[in-house]
**Student:** 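Here you go, one structure.
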Amino acid sequence: MDKIPVTVLTGYLGAGKTTLLNRILTEQHGRKYAVVVNEFGEIGIDGDLVVDADEEVFTMNNGCLCCTVRGDLIRIVGALLKRAGNLDGILIETTGLAEPAPVAQTFFLDRDIAARTQLDGVVTVADALNLEQRLIDAPEAAQQVAFADIVLLNKADLVDADTLARVEATIRRLNPLARIHRTVRSDVPLTEVLGRGAFDLKRALSLEPDFLAGGDHGHDHGHDHHHDHDHAHDHDHGHDHAPAAGVLAHDHDLSITSLSLATDQPLDKTLFESWLSMLLMTKGQDILRFKGILNFAGQNRRYVLQGVHMISEGTLDRPWGADEARRSRMVMIGRDLDPAELKRGFDGNIA
Ligand SMILES: Nc1nc2c(ncn2[C@@H]2O[C@H](COP(=O)(O)OP(=O)(O)OP(=O)(O)O)[C@@H](O)[C@H]2O)c(=O)[nH]1
């Protein structure tokens with residue numbers, strides 16, 4: 001039996017991982033990929049933002065980082081392999097705050113999984129506009145670049161040629177061997193990222209001498225996290241107006257937290273947009289990432305909002321389903337976010 005190739009897709013928050021994944025899921029390549037998406041924040045928004053394709057999307061709703069990811073991952077990949085019939089590959093999008101090594105390790109350390117799969121490559125998407133700053137304030141960003149077999153130097157449209165060359169040189173210093181592709185909206189021939197047999201165990205061992213040793217991976221705080229097969233609609237952390245906040249990572253003195261906001265009442269688009277632009281103007285440096293699916297008054301379609309720091313993008317999405325709760329949900333990840341103030345601001349936009 002041929003081993004199923006596994007691609008680990010990593011890169012810091014907002015770099016362009018989902019954009020690449022959506023390309024893979026929509027391009028007519030005639031292959032069947034299983035996709036494992038790591039959840040963003042507490043309410044399941046990522047599963048909702050990955051386009052519907054024939055492929056199944058497994059959403060892992062994990063609170064903390066690597067160990068949990070690995071606990072869930074073994075379960076999910078195990079389940080995929082049981083039903084796998086004719087899978088051409090498994091793609092795993094890690095959270096932007098995770099180090100890729102523990103995810104990659106899973107495919108060597110778990111005996112059943114190792115027998116049926118083969119790590120094809122670690123693909124890291126780097127944000128040309130923000131990578132330099134991330135390398136200063138976020139150690140995971142450097143690890144993601146160092147561990148890559150293939151790097152997409154993405155968002156090339158947002159920087160000038162000199163900056164792009166400088167960022168590329170920085171990536172080269174961190175990782176002399178990876179193939180680097182400059183991209184806009186993660187546009188790269190899929191043959192450059194999938195099925196390349198790019199993963200290099202020797203190099204992984206030189207970066208992480210314990211790579212095959214197992215270390216502390218035995219413990220699993222993942223058992224109480226559930227995953228579901230039909231997107232994330234039931235990841236409902238209840239209470240309409242209670243913003244859920246959780247600490248995701250500590251980096252020096254900066255604590256990165258995630259926060260979710262939700263309401264069942266329609267929002268006023270004009271109010272919302274001026275609140276958001278004021279917020280990004282004043283706090284954009286600290287807001288690493290935000291995503292939302294919004295119900296605007298008088299609008300029959302879902303409004304999808306997302307952004308990185310000061311840059312935000314909104315698009316009208318599909319119409320709300322007849323049976324679908326028209327609920328606005330928003331998740332933010334940032335430093336020192338004030339949940340009470342953000343909730344007040346968000347609720348202030350109710351029509
Ligand atoms: N201008 C520009 N925007 C981009 C590019 N690639 C992605 N984006 C936008 O950047 C934002 C983040 O892209 P995603 O693909 O969701 O990033 P991600 O890495 O999956 O984000 P997380 O999963 O939250 O870490 C979205 O608003 C994209 O539309 C690019 O090359 N140029």
Side-chain angles (χ1 to χ4, degrees), residues 3-11 13-41 44-62 68-96 98 100 102-104 106-107 110 113 116-125 144 149-150 152 154 185-196 198-199 222 225-235 291 304 306 317:
K3 290 189 173 189
I4 298 175
V6 174
T7 301
V8 175
L9 190 54
T10 179
L13 293 173
K17 300 180 289 297
T18 305
T19 305
L20 177 61
L21 200 58
N22 280 339
R23 276 187 192 284
I24 294 170
L25 291 178
T26 48
E27 198 157 288
Q28 293 306 313
H29 41 55
R31 290 169 183 252
K32 190 163 158 45
Y33 294 109
V35 170
V36 179
V37 183
N38 227 166
E39 262 311 317
F40 178 101
I45 283 187
D46 273 347
D48 264 1
L49 293 180
V50 175
V51 288
D52 270 333
D54 280 347
E55 289 82 357
E56 296 176 71
V57 176
F58 288 81
T59 304
M60 297 190 293
N61 192 18
N62 74 313
T68 307
V69 169
R70 186 157 40 191
D72 268 350
L73 199 57
I74 289 175
R75 233 171 353 96
I76 290 172
V77 173
L80 276 175
L81 292 175
K82 272 207 192 80
R83 47 196 287 169
N86 51 352
L87 271 185
D88 292 303
I90 297 176
L91 302 164
I92 297 171
E93 178 186 350
T94 71
T95 100
V103 175
T106 302
F107 297 91
D110 185 277
I113 290 178
R116 306 253 339 254
T117 63
Q118 175 171 327
L119 187 59
D120 185 67
V122 175
V123 178
T124 299
V125 186
Q144 291 164 352
D149 300 302
I150 295 159
L152 302 194
N154 193 38
R185 299 202 178 265
S186 307
D187 192 4
V188 65
L190 296 186
T191 49
E192 292 294 334
V193 289
L194 298 176
R196 297 196 63 84
F199 183 74
H225 298 291
H226 72 279
H227 61 279
D228 64 83
H229 300 204
D230 315 305
H231 300 274
H233 299 296
D234 62 358
H235 291 163
K291 295 182 189 180
V304 172
Q306 60 162 320
D317 190 36

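All values below were derived from every heavy atom in this structure, side-chain atoms included, with hydrogens, water molecules and symmetry-related copies excluded. Index from 1, following the sequence.
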**Student:** For Leu190 and Arg23, which heavy atoms make the closest approach, and how far apart are they?
**Tutor:** CD1-O, 4.3 Å
**Student:** Within this structure, what is the CG-CD1 distance for the pair Leu119 and Ile4, rounded to the nearest 0.5 Å?
**Tutor:** 13.5 Å
**Student:** Check Asp187, Thr19, Thr124, Leu20 against Leu152 for a side chain to side chain contact (heavy atoms under 4.5 Å, CB included) and give me the one that passes.
**Tutor:** Leu20
**Student:** Could you measure the distance from the CD1 atom of Ile150 to the CD atom of Glu192? Nearest 0.5 Å is fine.
**Tutor:** 7.5 Å
**Student:** Is the backbone N or O of Gly11 less than 3.5 Å from a side-chain atom of Lys17, with the two atoms forming a donor-acceptor pair by type?
**Tutor:** yes
**Student:** Not counting sequence neighbours, which residues clear side chain to side chain donor-acceptor pair (under 3.5 Å) with Asp120? List them please.
**Tutor:** none
**Student:** With sequence neighbours left out, write down each residue that passes side chain to side chain donor-acceptor pair (under 3.5 Å) with Arg196, or none if nothing qualifies.
**Tutor:** none
**Student:** Would Tyr33 and Thr7 satisfy side chain to side chain contact (heavy atoms under 4.5 Å, CB included), going step by step from the backbone distance to the final call?
**Tutor:** CA-CA 10 Å; Tyr33 294 109; Thr7 301; over 6 Å; no
**Student:** How close do Ser186 and Gly16 get, heavy atom to heavy atom, and via which atoms?
**Tutor:** OG-O, 2.8 Å
**Student:** Determine whether Ile113 and Val6 satisfy the following criterion, side chain to side chain contact (heavy atoms under 4.5 Å, CB included), listing intermediate values before the conclusion.
**Tutor:** CA-CA 11 Å; Ile113 290 178; Val6 174; over 6 Å; no
**Student:** Of the non-hydrogen atoms in Val77 and Ile90, which two are nearest, and what is the gap between them?
**Tutor:** CG1-CD1, 4.3 Å
**Student:** Output the distance between atom OG1 (Thr10) and atom CD (Gln144), rounded to the nearest 0.5 Å.
**Tutor:** 3.5 Å
**Student:** Looking only at non-hydrogen atoms, find the nearest pair between Val123 and Val193 and report the distance.
**Tutor:** CG2-O, 4.0 Å
**Student:** Can you tell me if Asn154 uses its side chain to pair, donor with acceptor, with the backbone of Ala15 under 3.5 Å?
**Tutor:** yes
**Student:** Assess whether side chain to side chain contact (heavy atoms under 4.5 Å, CB included) is satisfied between Ile92 and Thr106, documenting all intermediate values.
**Tutor:** CA-CA 12 Å; Ile92 297 171; Thr106 302; over 6 Å; no
**Student:** At what distance, to the nearest 0.5 angstrom, does CZ of Arg116 lie from CG of Leu81?
**Tutor:** 4.5 Å
**Student:** Excluding sequence neighbours, so at least two apart, what forms salt bridge (charged side-chain N to carboxylate O under 4.0 Å, His left out) with Asp88?
**Tutor:** none
**Student:** Return the minimal non-hydrogen interatomic distance between Lys3 and Thr117, and the atom names on each side.
**Tutor:** CD-O, 3.5 Å
